[in-house]
Structure formats: structure tokens, C-alpha cells
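Inspection log for the structure reproduced underneath, given as C-alpha cells.
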Amino acid sequence: MAIRFILSDYVDQAIAQAIYDKLEDGTFTGRIPVCKGVIAFALTLRECEDELRSTLEDWILLGLKLGHSLPVIDNIDLNKEPSLEPMDTV
């Protein structure tokens, strides 16, 4: 049975929706339209991808901490309250 990590899956699915552009000065910008405010700039495309992932991770963690509603991405809803099993089932 494969272990799934919901936060990692969410980040991967969000990054898959990223849009990258090469700017006039030769640098790159990346953004994830469904995640308002998640944008990154870098000298290379690879650096831009890495920076965008880092920005997204920080955006998610801050949003969760502040109780913001995060977009549902690929049927992954981070807004749901976690369900806990009773202690006697352990």
C-alpha cells in the first residue's frame, strides 16, 4: 500500500498548473493562477521553478495558520477539518 502525503500531492498538482514567462531582460517569472499572489522571479527557468515551489509552500502554510480558504486543486481540499479515529481503535 502506497503512502500518500496530501500536502505534497497538493503542491505537485499546483506546480503542474504553473505558467512561466521569459521577460524582456532574459529572466523568468512563474505564477500559479489559482493561488492568488503566488509568483516568483529568477535568472533561469530552473531557479524560477524552485522559487515558485518554495513560495507556494510558504503561501500554503501561512494560509493554513491564518485560517484562509485555500483553493481545491485536483480534488485535494486542504480546508477540511481532519477526521480523527477514536483512541480505542489503535
>> Please find the pair of heavy atoms, one from Gln17 and one from Pro33, that lie closest to each other, and give the distance.
In response: O-CD, 3.8 Å
> What distance do His68 atom NE2 and Leu62 atom CG have between them, rounded to the nearest 0.5 Å?
Replying inline: 6.5 Å
>> For residues Ile15 and Leu7: do they belong to one hydrophobic cluster (side chain heavy atoms under 4.5 Å, members Ile, Leu, Val, Met, Phe, Trp, Tyr)?
In response: yes
> Is there a side-chain contact between Cys35 and Ile73 (heavy atoms, below 4.5 Å)?
Replying inline: yes
> Is it true that Val72 and Leu70 fall in one hydrophobic cluster, defined by side-chain heavy atoms closer than 4.5 Å?
Replying inline: no
>> Working to the nearest 0.5 angstrom, can you tell me the gap between Tyr20 OH and Leu45 CG?
In response: 7.0 Å
>> So Phe41 and Thr27, do their side chains get closer than 4.5 Å, heavy atoms only?
In response: no
> Taking the side chain as C-beta and beyond, is there a heavy-atom pair between Arg53 and Asp12 under 4.5 Å?
Replying inline: yes
>> Quick one, Trp59 and Ile32 - any side-chain contact, counting heavy atoms below 4.5 Å?
In response: no
> Which heavy-atom pair separates Phe28 from Leu43 by the least distance, and what is that distance?
Replying inline: CD1-O, 3.6 Å
> Of the non-hydrogen atoms in Ile76 and Gln13, which two are nearest, and what is the gap between them?
Replying inline: CD1-CG, 4.3 Å
> Rounded to the nearest 0.5 Å, how far does NZ of Lys36 lie from CZ of Arg31?
Replying inline: 9.0 Å
>> On a heavy-atom basis, which atom in Ala18 and which in Leu52 lie closest, and how many Å separate them?
In response: CB-CD2, 3.6 Å
>> Are Thr55 and Ile39 packed together at the side-chain level, in the sense that at least one heavy-atom pair is separated by less than 4.5 angstrom?
In response: no
> Can you tell me how far CD of Glu57 sits from CG of Leu61, rounded to the nearest 0.5 angstrom?
Replying inline: 7.5 Å
>> I need the minimum non-hydrogen distance between Cys48 and Ala40, along with the two atoms involved.
In response: SG-O, 3.7 Å
